[in-house]
2 protein chains.
Amino acid sequence: MTTRQHHIADDLRRSIESGGFAVGERLPSETRLAEHYKVSVPTLREAMSVLKAEGLVEGIHGRGNFVREPHRIPYAHGHKMADSTLQVSVDVRRVKASGVLPSLLRVPAQSSLTEYEYVSYLQRSALSMARVYVPRSVAKLAIPKPSLPRAGRSPWGDDVQDLLAAAGIHVATTVERLVSRLPSTEEAQLLRSTTPVLVVQRTSSDAAGRIVAGAFVVLAGDRTEVIFTNHTHVEAPRGTR
Amino acid sequence: MTTRQHHIADDLRRSIESGGFAVGERLPSETRLAEHYKVSVPTLREAMSVLKAEGLVEGIHGRGNFVREPHRIPYAHGHKMADSTLQVSVDVRRVKASGVLPSLLRVPAQSSLTEYEYVSYLQRSALSMARVYVPRSVAKLAIPKPSLPRAGRSPWGDDVQDLLAAAGIHVATTVERLVSRLPSTEEAQLLRSTTPVLVVQRTSSDAAGRIVAGAFVVLAGDRTEVIFTNHTHVEAPRGTR
DNA sequence: CAGTGGTCTAGACCACGAA
DNA sequence: TCGTGGTCTAGACCACTGT
């Protein structure tokens, strides 16, 4: 009942987790593994893509497939990042609202926005791309010159919230909507991976309910996890909750 | 620079979104589409799987590929579900902690747990599977007899939280950790889809920091979205936040 | 039964990385 | 230059659906 690709993926996963292959070690080439399991190369590649999506294996074009520690960088908007091994670049520009942006930000089409584009890198491959938008009707934020990748900055565009706060605009509510999809060609090139991506659509409102910022974040699904923390406000326990 | 599969996916997406194909309509068979685009059938299927992961297309084995309204059922733990078209089954049993459960719930291996298994169905195919665990050292919840699929119940196991509250145990903090991966064979059969799944690992603690429940939720990535709302507690605006 | 998508085969060619 | 993974071809066979 189980397919060959999953049978192979399960077998390789067991080999890796039981220590048959060390972290950082190169797996046998796909051709060799296909011979070993007596399947065709495309079938073996399907099995490999299961392990890649789990973060257990990293494929490097031209070099091989490598066993990976399945550590994932946590995406948690508004929380300070502990990880400072990420290089983050920023690019800022003025754009006109189009596509889904007018409905995301509840502004008229073609209205002026400030766009912040963050790209984070882990070694040579990108880990995330975040585009944060602030309507210029909300705040006419300054547009500094773009900065090269550097460490210690939030990869998710959290500093836009700080800029807004400095301008006297305080975010009261943030709603995040998350889906999974396959990467576009451009995303696959940047992330150096064709595993599924996590896409976060984020809208921030002030206490009056006005949308003051919106964002799209694309995360490499094999190297990131999304963390949400919810503190239930517990009053005195009553009969109904 | 763009691959054939993405070129075809982009073209089909345009056709669908511009109204060339109506919602609910069957697309031409993969063989016919492959002829039309002058590519092999496997390549066309790659393009189709991009649209399936986006929720724009639903493939039904033996019938064809159908255009879908990309509506997604929102997963939002603790919020009342508006959608009552979902049929939800529950199964309850006692299990021993093994695998990752001891570390998830911070209990010794082999300790007793109550397991609640929720499966939600939309038509014939499953949409989600949730397994909720409560250590019996926290609460010795009754084990009622399993119930057949019925509507109006939370698919994510929210009623376990109500059961705990009724037993005097109040959840103060819930942390959700979300990743994306490819489905196992069993999951693919239940969900009738091989598109990526969203996996939520959830832990709930009381005010004392004791873990009172944990859960794993598997969501069909093409038909669900995860929604998280965060209310920033805004006091009087000060210099630093 | 015929037609459909799901899985698999056995190759080909290209892009990339290291020597 | 050579070995690697990434993309693609042109089929095959099976499982599922409706008639």
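Throughout, a chain's letter reflects where its sequence line sits, starting with A, and its residues are numbered from 1.
Remark: T85(B) OG1 to L122(B) CG distance equals 5.0 Å, nearest 0.5 Å. Here the straight-line distance linking atom CZ of R72(A) with atom CG of L127(A) works out to 10.5 Å at 0.5 Å rounding. Separation of atoms OG (S125(B)) and NE2 (H61(B)) is listed at 14.5 Å; rounding is to 0.5 Å. The OG1 atom of T2(A) lies 8.5 Å from the CD atom of Q189(B); values are rounded to the nearest 0.5 Å.
As rounded to whole Å, 13 Å separates atom P of dG5(C) from atom CD of E58(B). Between L27(A) atom CG and dG5(D) atom C1' there is a gap of 12 Å when expressed in whole angstrom units. Spacing between atom CD1 of I60(B) and atom C1' of dG18(D) amounts to 12 Å, rounded to whole angstrom units. Taking atom CZ of residue R45(A) and atom C1' of nucleotide dC8(C), one finds them 15 Å apart after rounding to whole Å. Taking atom CG on L44(A) and atom P on dT7(C), their separation rounds to 16 Å, with Å as the unit. For the pair M48(B) CE and dT4(C) P, the interatomic distance rounds to 12 Å; values are reported in whole Å. As rounded to whole Å, 12 Å separates atom P of dA18(C) from atom CZ of R26(A). For the pair H7(B) NE2 and dG6(D) P, the computed distance is 23 Å after rounding to whole Å.
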Criterion salt bridge (Lys or Arg N to Asp or Glu O under 4.0 Å) on R192(A) and E58(A), from CA distance to verdict: CA-CA 10 Å; R192(A) 289 173 174 268; E58(A) 175 182 15; over 6 Å; no
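In the set dC8(C), dG5(C), dG5(D), the nucleotide with an atom closest to the side chain of K52(B) is dG5(C). For R63(B), counting side-chain heavy atoms from C-beta on, the closest listed nucleotide (dT4(C), dT17(D), dT4(D)) is dT17(D). Counting only heavy atoms from C-beta on, T3(B) has its side chain closest to dT7(D) among dT4(C), dT7(D), dG6(C).
For dT4(C), the OP1/OP2 oxygens have no side-chain nitrogen or oxygen of N65(B) closer than 4.0 Å. Contact annotation: Q5(A) does not reach the phosphate of dT7(C) (side-chain N/O to OP1 or OP2, under 4.0 Å).
Residue pairs meeting the salt bridge (charged side-chain N to carboxylate O under 4.0 Å, His left out) criterion with at least one partner in residues 18-30 of chain B, sequence neighbours excluded, are E30(B)-R45(B). The side chain to side chain donor-acceptor pair (under 3.5 Å) contacts involving residues 94-104 of chain B comprise R94(B)-S112(B), where partners must be two or more places apart or lie in separate chains.
Remark: R14(B) engages D11(B) in a salt bridge (charged side-chain N to carboxylate O under 4.0 Å, His left out) (not counting sequence neighbours). Contacts of Y133(A) classified as ring-ring contact (aromatic ring centres under 6.0 Å, His included), with partners at least two apart in sequence or in another chain: none. With sequence neighbours excluded, no residue forms a salt bridge (charged side-chain N to carboxylate O under 4.0 Å, His left out) with R223(B). Not counting sequence neighbours, D159(A) has no partner by the salt bridge (charged side-chain N to carboxylate O under 4.0 Å, His left out) test. Annotation: salt bridge (charged side-chain N to carboxylate O under 4.0 Å, His left out) contacts of R181(A) (sequence neighbours excluded): E187(A).
For the segment residues 30-39 of chain B, residues with any heavy atom less than 4.0 angstrom from an atom of DNA chain C are, sorted by number, E30(B), R32(B). Taking a 4.0 Å limit (strictly below) on heavy-atom distances, residues 119-129 of chain B reaches DNA chain D at R124(B). Contacts between residues 186-198 of chain B and DNA chain C, defined by a heavy-atom separation under 4.0 Å, are absent.
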Please tabulate the protein-to-nucleotide N/O contacts below 3.5 Å involving nucleotides 13-15 of chain D, giving atom names and distances.
unit_1: dA15(D); atom_1: N3; unit_2: H61(B); atom_2: NE2; d: 2.9

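In this structure, E46(B) reaches neither bases nor backbone, as no heavy-atom distance under 4.0 Å exists between it and the strands shown. If you check every strand for non-hydrogen atoms under 4.0 Å, G64(A) touches sugar and phosphate atoms only. Within the 4.0 angstrom heavy-atom criterion, base atoms lie near T43(B).
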Quiz: residues 46-55 of chain B side-chain donor-acceptor pairs under 3.5 angstrom, not counting sequence neighbours:
unit_1: S49(B); atom_1: OG; unit_2: E46(B); atom_2: O; d: 2.7
unit_1: E54(B); atom_1: OE1; unit_2: R13(B); atom_2: NE; d: 2.8
unit_1: E54(B); atom_1: OE2; unit_2: R13(B); atom_2: NH2; d: 2.9

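Annotation: side chain of F21(A) is not in contact with side chain of V57(A) (no heavy-atom distance under 4.5 Å).
Counting all heavy atoms, side chain and backbone alike, G157(A) lies closest to V132(A) at CA-CG2, 4.1 Å.
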